[in-house]
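Residue numbers count from 1 along this sequence. All heavy atoms count here, side chains included; hydrogens, waters and symmetry mates do not. Quantities reported herein were computed from a predicted structural model and do not represent experimental measurements.
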Amino acid sequence: MPKSKRARVIHASTVTKKTREHKERLFETIRECLPQYQHCLVLTVDNMRNTYLKDVRQELSDSRLFFGKTKLMARALGHTAEESQADNIHELTPYLKGSVGLLFTNRSPASVLSYFAELSQVDFARAGAQATREFVVPRGVVMSTAGEVPAEYDVPLGHTLEPELRRLGVPTRMVKGRVVLEEAPEGADADDARGYVVCRPGDVLDARQARLLKLFSVCMAEFRVRVLAYWSAATAEVTRVPANPAGAAGEDVEEDEDDE
């Protein structure tokens, strides 16, 4: 029996799958950038947020930034000296692993490194992120930031959030219109006596913990862009950038002669 059209699910939003034509266009665009720009940088983004990445694109509007399949980007640059689309640019391909992108620019590498060194935006952590510190909801009346700011600047948590706190595992209840985390029972350990422990340093956050942190306006994610290496047309050399680049402070960045 044929399916009834009435049972058909119509999605309010659709995501267009990237076609082969889109991938080939990206491939060709990367190759077209090679003769137009003096430098090509491989960069990675910590705690990717599209809003902040949009700001980066606007700041570097005179440059081109690409994020795509690493194999496709590596193929566009060339895997070997024979396939290399510019002198020695194939030496960038070992850095094209994981979540990375390519930045083509005519700005000096030192200025780009300096810009990224100063770029930092804090945001709410998402599930899968690592907790950077401990966060505990103190016992008693639950405040909106759970003690993250001085008491004179804090206010009691809205009563409408109490059901969600209980759903997220926090043992609260309403007392005279206030959300309260009751005092610990006798014989409770030190951690339990302090309050409800949401996370500890190094914990891999799950969706429940991430939601609790957001409810209390606790940010544990930092959007940062790090340059792994760059190629310069003038020297036809690839320079590896250390994790804490000295070049960002105005000093010379060491060149890595071991890259193959």
Side-chain angles (χ1 to χ4, degrees), residues 13-79 83-86 88-130 210 221-233 238-243 245 247-248 253 256 259:
S13 61
T14 58
V15 177
T16 305
K17 187 177 181 180
K18 292 181 179 178
T19 62
R20 183 179 180 84
E21 289 74 17
H22 177 275
K23 294 176 182 177
E24 288 300 322
R25 187 162 61 250
L26 175 61
F27 177 87
E28 293 298 333
T29 304
I30 290 175
R31 288 201 164 177
E32 289 170 2
C33 285
L34 287 170
Q36 299 176 22
Y37 296 92
Q38 292 297 306
H39 308 285
C40 177
L41 299 87
V42 178
L43 49 85
T44 183
V45 180
D46 297 331
N47 298 298
M48 173 71 82
R49 300 290 188 272
N50 286 333
T51 302
Y52 302 141
L53 189 62
K54 183 179 178 181
D55 295 337
V56 172
R57 290 184 185 276
Q58 290 178 345
E59 175 64 29
L60 301 175
S61 58
D62 56 348
S63 308
R64 296 295 302 273
L65 179 60
F66 299 98
F67 282 93
K69 295 288 185 181
T70 53
K71 289 183 179 180
L72 184 146
M73 293 191 293
R75 187 163 59 91
L77 298 182
H79 286 283
E83 298 173 352
S84 188
Q85 297 301 301
N88 295 327
I89 200 169
H90 67 282
E91 293 182 4
L92 278 181
T93 56
Y95 298 96
L96 294 175
K97 297 176 182 177
S99 180
V100 297
L102 289 176
L103 173 67
F104 289 91
T105 184
N106 285 324
R107 301 188 186 191
S108 69
S111 66
V112 176
L113 288 171
S114 178
Y115 166 66
F116 286 140
E118 296 173 0
L119 178 66
S120 175
Q121 297 284 355
V122 294
D123 206 336
F124 298 114
R126 295 175 178 174
Q130 195 173 66
E222 185 181 18
F223 173 86
R224 294 194 69 90
V225 180
R226 295 180 293 112
V227 178
L228 303 179
Y230 63 87
W231 169 87
S232 297
V238 168
T239 301
R240 180 180 62 84
V241 179
V253 179
D256 183 13
D259 294 330

Atom of [X], atom of [Y] and distance for their closest heavy-atom approach:
| X | Y | value |
| --- | --- | --- |
| Ala125 | Ala221 | CA-CB, 3.8 Å |
| Asn106 | Gln36 | ND2-O, 3.5 Å |
| Leu103 | Ser63 | CD1-CB, 3.8 Å |
| Cys40 | Leu102 | SG-CD2, 3.9 Å |
| Ser84 | His90 | OG-N, 3.3 Å |
| His79 | Ala74 | CE1-CB, 3.5 Å |

With rounding to the nearest 0.5 Å, note down the distance linking [atom1] in [X] to [atom2] in [Y].
| X | Y | atom1 | atom2 | answer |
| --- | --- | --- | --- | --- |
| Trp231 | Leu41 | CH2 | CG | 11.0 Å |
| Leu77 | Leu92 | CG | CG | 6.5 Å |
| Leu228 | Leu96 | CG | CG | 9.0 Å |
| Arg75 | Glu83 | CZ | CD | 10.0 Å |
| Leu119 | Glu59 | CG | CD | 9.0 Å |
| Arg25 | Phe27 | CZ | CZ | 14.5 Å |

So, [X] side chain and [Y] main chain: donor-acceptor pair closer than 3.5 Å or not?
| X | Y | value |
| --- | --- | --- |
| Arg64 | Thr105 | no |
| Thr44 | Ser99 | yes |
| Asn47 | Glu222 | yes |
| Arg224 | Ala117 | yes |

- Item | Donor-acceptor pair between Ser111 and Ser114 side chains, under 3.5 angstrom |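 Per modelled atom types, Ser111 and Ser114 side chains form no pair under 3.5 Å.
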- Message: Determine whether Phe223 and Val45 satisfy the following criterion, side chain to side chain contact (heavy atoms under 4.5 Å, CB included), listing intermediate values before the conclusion.
- Response: CA-CA 7 Å; Phe223 173 86; Val45 180; 3.4 Å; yes
- Parallel, tilted or perpendicular for His39 and Tyr230, by the 30°/60° rule?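 Perpendicular.
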- Where does the angle between the aromatic ring planes of Phe104 and Tyr37 fall among parallel (under 30°), tilted (30 to 60°) and perpendicular (over 60°)?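 Rings of Phe104 and Tyr37: tilted, 30 to 60°.
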- Task: Take Phe67 and Met48, measure what side chain to side chain contact (heavy atoms under 4.5 Å, CB included) needs, and give me the verdict at the end.
- Result: CA-CA 12 Å; Phe67 282 93; Met48 173 71 82; 4.1 Å; yes
- Note, Arg49 side chain near Arg126 side chain (heavy atom, < 4.5 Å):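 Yes, side chains in contact.
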- Measure the shortest side-chain to side-chain distance between Thr51 and Asp123 over non-hydrogen atoms and say whether it is less than 4.5 angstrom.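 When only atoms from C-beta onward are counted, Asp123 and Thr51 do not touch, as no gap falls below 4.5 Å.
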- Please assess Leu43 against Phe116 for the test side chain to side chain contact (heavy atoms under 4.5 Å, CB included), listing each intermediate value before the final yes or no. CA-CA 10 Å; Leu43 49 85; Phe116 286 140; 4.0 Å; yes
- Item | Val42/Val227 under side chain to side chain contact (heavy atoms under 4.5 Å, CB included): CA gap, chis, key distance, verdict | CA-CA 6 Å; Val42 178; Val227 178; over 6 Å; no
